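Note on naming: letters A, B, ... go to the chains in the order of the sequence lines (proteins, then strands), and numbering restarts at 1 for each one. Here the structure is a predicted model, which means the values were calculated and not measured.
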6 protein chains.
Amino acid sequence: MPVLVTRLERFNAGHRLFRPELSDEQNLRVFGKCSNPSGHGHNYVLEVSVEGHIDPETGYLFDLKTLSGLINERIINDVDHANLNVDVEWMKGLNPTAEVMASTFWDRLEPHLPEGMLYRVKVQETDKNWAERLRELK
Amino acid sequence: MPVLVTRLERFNAGHRLFRPELSDEQNLRVFGKCSNPSGHGHNYVLEVSVEGHIDPETGYLFDLKTLSGLINERIINDVDHANLNVDVEWMKGLNPTAEVMASTFWDRLEPHLPEGMLYRVKVQETDKNWAERLRELK
Amino acid sequence: MPVLVTRLERFNAGHRLFRPELSDEQNLRVFGKCSNPSGHGHNYVLEVSVEGHIDPETGYLFDLKTLSGLINERIINDVDHANLNVDVEWMKGLNPTAEVMASTFWDRLEPHLPEGMLYRVKVQETDKNWAERLRELK
Amino acid sequence: MPVLVTRLERFNAGHRLFRPELSDEQNLRVFGKCSNPSGHGHNYVLEVSVEGHIDPETGYLFDLKTLSGLINERIINDVDHANLNVDVEWMKGLNPTAEVMASTFWDRLEPHLPEGMLYRVKVQETDKNWAERLRELK
Amino acid sequence: MPVLVTRLERFNAGHRLFRPELSDEQNLRVFGKCSNPSGHGHNYVLEVSVEGHIDPETGYLFDLKTLSGLINERIINDVDHANLNVDVEWMKGLNPTAEVMASTFWDRLEPHLPEGMLYRVKVQETDKNWAERLRELK
Amino acid sequence: MPVLVTRLERFNAGHRLFRPELSDEQNLRVFGKCSNPSGHGHNYVLEVSVEGHIDPETGYLFDLKTLSGLINERIINDVDHANLNVDVEWMKGLNPTAEVMASTFWDRLEPHLPEGMLYRVKVQETDKNWAERLRELK
């Protein structure tokens, strides 16, 4: 029967939603206030869930300190107090919506976890908006 | 791989849980304090999640401003600061439990979203009670 | 040096803001959506703070179980799942705004606490609106 | 189409993560600060979700007062203000991680609910760490 | 006896903490990660409290819809989805720390409220950091 | 005009409320479930506020990174994942109620801050109970 454990991390970052091939006016029409050329930002909340079996010896499915370390090393260290359009090598050329971030963060974590263990990546942008990439339970 | 985006909206409403064919005493036995004849109310929290693919051009799965507009137009405008037993045409005759509300709100939204996109409707009544209508991931 | 302890309690209630001598239209102009004749409601959060000295024997300023009991007996039992305009004997004739409630609840609690101990009563109506009655620190 | 209702309950408990066959130093290496021999504790948040159909007569999938009563009787009464390593008969010999707790609580509740109704048990240990046992939707 | 009412508003903005007369390295030493030259941002929470007497006719100390309108007109419309270092005319030349923002927002609101009514302005930057400008109770 | 900045920190700890000169039964009568001999615990939230003037050069009243460092060095490092009755040298002999903790933490911090700067120490034990030690504004 599936068991999940989740680790939550927070980071603060700046971003601007826009497509470089569009004018400021066109971007305003598509992305609204989020396309403001000088940018804005958020207190992002990132949740990462893994699925697996409980190790009968330790009672752990996966050590959340290890998971926290991985999330920090692969993601937080690069995005915290950064401008997501400018400062993050592996986000270059991406429009940093919450759903693009959830999907990109998944790709950053997945190869560094035991195969098939990553279950969900959730990126919360505001108290009203968030995105998730996830798979079916096994 | 499935991706979800979610929009949260809030509204305040009054309601009473009861069945009109029962006496006040009988309703008290079934619905407890929630059947108080002069009604009570809640700060409801409504979350709506849609599933789909990220548009590579915009980075959006679905524009959350559009989703918010739809939720307001189809639901919030009618239920906010309303009495759910009396004021809402499309809830007439329903007993406004959280699960009935989640299910009814689903039916209000589903035909106005791209086919198959609606994934989950969650209605939170208090910090301890909530209901969800949802489907399998695609 | 002042020390405070606070107890938080929750209740759900219905209310309508209006003045009986005004027409529905006039009430709508003054109280907006809150004057809807069939009422609405909230998940209220009530915080009660008392000020005093720590008893060196027990380490308690005031036993929060006792404070909780008093709040329930004097307030919550009457207002929970009630309609504040109709069901509460000691609120009859009052317009149940958050500030009127904070002030009325103060008067309900103050005579039942050691003299001069009550420090603040806060009534939160929504995540965005609240009222407090309080005094200077001693 | 699946509908869920969820009840949240809170409890405070003490625990220590360790394996009795290891030395304090070895436990420190595996469980970090959580293995402190004199223990620590948490404000746990427990969420229990059930899946089913809405009764067209009552509008209830499952009465949340009944669910709350069951959770209290089978779990909260035993674990609240308890030391999870010492005081709870049915947790003896278990290492009280959040995932072990979610799994054990599932087993405490499942036989007392209508067959196949239990959907998810979530145990939140801190604002950053939680575990869930759940099944596929029907 | 003093009574307060409070209105909470949210906005998202970008900022950078730095002094223009310092080099990037010097700014890094004083302001840490917050001085990142390409900026970052926050989901700010703004609370505004006013003190006064309850109008016995309306039950209002001050209409919170009016207060909300004033906060939006004088502050939120300018700072939401803006870069605080660049886009806000009345913040030009200020280093946008939370305490500078609380103090500046006070000055924006105070002349537009009845004399002596403004009691506190709180600006929350993250779940761990906030600033307040306030006065004694009357 | 007074300005405050606040830093919030979290820690998890175990405790038991009791007086050593009383029997377990007597302690149960005074402290209820909190006197359980094998202890329980909490996710504590600690808020520390300081009052002062904004430095016109930096825009800081007091650097919150410095305040966070001080709180960790003087308090969190000792109490986190500790048993408050047993493991903390400077709490020996104290009954660890929230008000005793707020008062003791004040004494730990006050001599290490600029004179007269400490304004409030708040210790939250559960979502319903907390204590504060504070002084008048200057």
K.L.:
Are A/I75 and A/V48 packed together at the side-chain level, in the sense that at least one heavy-atom pair is separated by less than 4.5 angstrom?
P.N.:
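Not touching, per the 4.5 Å side-chain cut-off.
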K.L.:
D/P2 and D/L137: which non-hydrogen atoms are nearest, and at how many Å?
P.N.:
CB-CD2, 3.9 Å
K.L.:
For chain A and chain D, what donor-acceptor pairs lie under 3.5 Å, backbone included?
P.N.:
{"residue": "A/P2", "atom": "O", "partner": "D/L134", "partner atom": "N", "Å": "3.3"}
{"residue": "A/L4", "atom": "N", "partner": "D/E132", "partner atom": "O", "Å": "2.7"}
{"residue": "A/L4", "atom": "O", "partner": "D/E132", "partner atom": "N", "Å": "2.8"}
{"residue": "A/T6", "atom": "N", "partner": "D/W130", "partner atom": "O", "Å": "2.9"}
{"residue": "A/T6", "atom": "O", "partner": "D/W130", "partner atom": "N", "Å": "3.3"}
{"residue": "A/T6", "atom": "OG1", "partner": "D/W130", "partner atom": "NE1", "Å": "3.4"}
{"residue": "A/R7", "atom": "NH1", "partner": "D/N129", "partner atom": "OD1", "Å": "2.7"}
{"residue": "A/L8", "atom": "N", "partner": "D/K128", "partner atom": "O", "Å": "2.9"}
{"residue": "A/E57", "atom": "O", "partner": "D/R19", "partner atom": "NE", "Å": "3.3"}
{"residue": "A/E57", "atom": "OE1", "partner": "D/R19", "partner atom": "NH2", "Å": "2.7"}
{"residue": "A/T58", "atom": "O", "partner": "D/N95", "partner atom": "ND2", "Å": "3.0"}
{"residue": "A/G59", "atom": "O", "partner": "D/T97", "partner atom": "OG1", "Å": "2.6"}
{"residue": "A/L61", "atom": "N", "partner": "D/E99", "partner atom": "OE2", "Å": "2.7"}

K.L.:
Do A/M101 and A/V79 pass the side chain to side chain contact (heavy atoms under 4.5 Å, CB included) test, and can you show the C-alpha distance, the side-chain angles, and the key distance before you say yes or no?
P.N.:
CA-CA 11 Å; A/M101 291 168 72; A/V79 296; over 6 Å; no
K.L.:
Look up atom CG in D/L113 and atom CD1 in D/I71, then write down how far apart they are to the nearest 0.5 Å.
P.N.:
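Answer rounded to 0.5 Å: 8.5 Å.
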K.L.:
Sort D/F31 into side chain, backbone, both or neither according to what part of it lies under 4.5 angstrom from a heavy atom of chain A.
P.N.:
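For D/F31, backbone and side chain are both near chain A.
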K.L.:
Quick one: pull up CG in D/L118 and CZ in D/F105 and give me the separation to the nearest 0.5 Å.
P.N.:
13.0 Å
K.L.:
Could you tell me which portion of A/I54 (side chain, backbone, both or neither) has an atom closer than 4.5 angstrom to a non-hydrogen atom of chain D?
P.N.:
side chain
K.L.:
I need the A/L67 CG to A/L109 CG distance, nearest 0.5 Å.
P.N.:
7.5 Å
K.L.:
Considering only heavy atoms, which portion of D/L17 lies under 4.5 Å from any heavy atom of chain A: side chain, backbone, both, or neither?
P.N.:
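Side chain only.
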K.L.:
Could you work out, with side chain to side chain contact (heavy atoms under 4.5 Å, CB included) as the rule, every residue matching A/P114, not counting sequence neighbours?
P.N.:
A/F62, A/M117
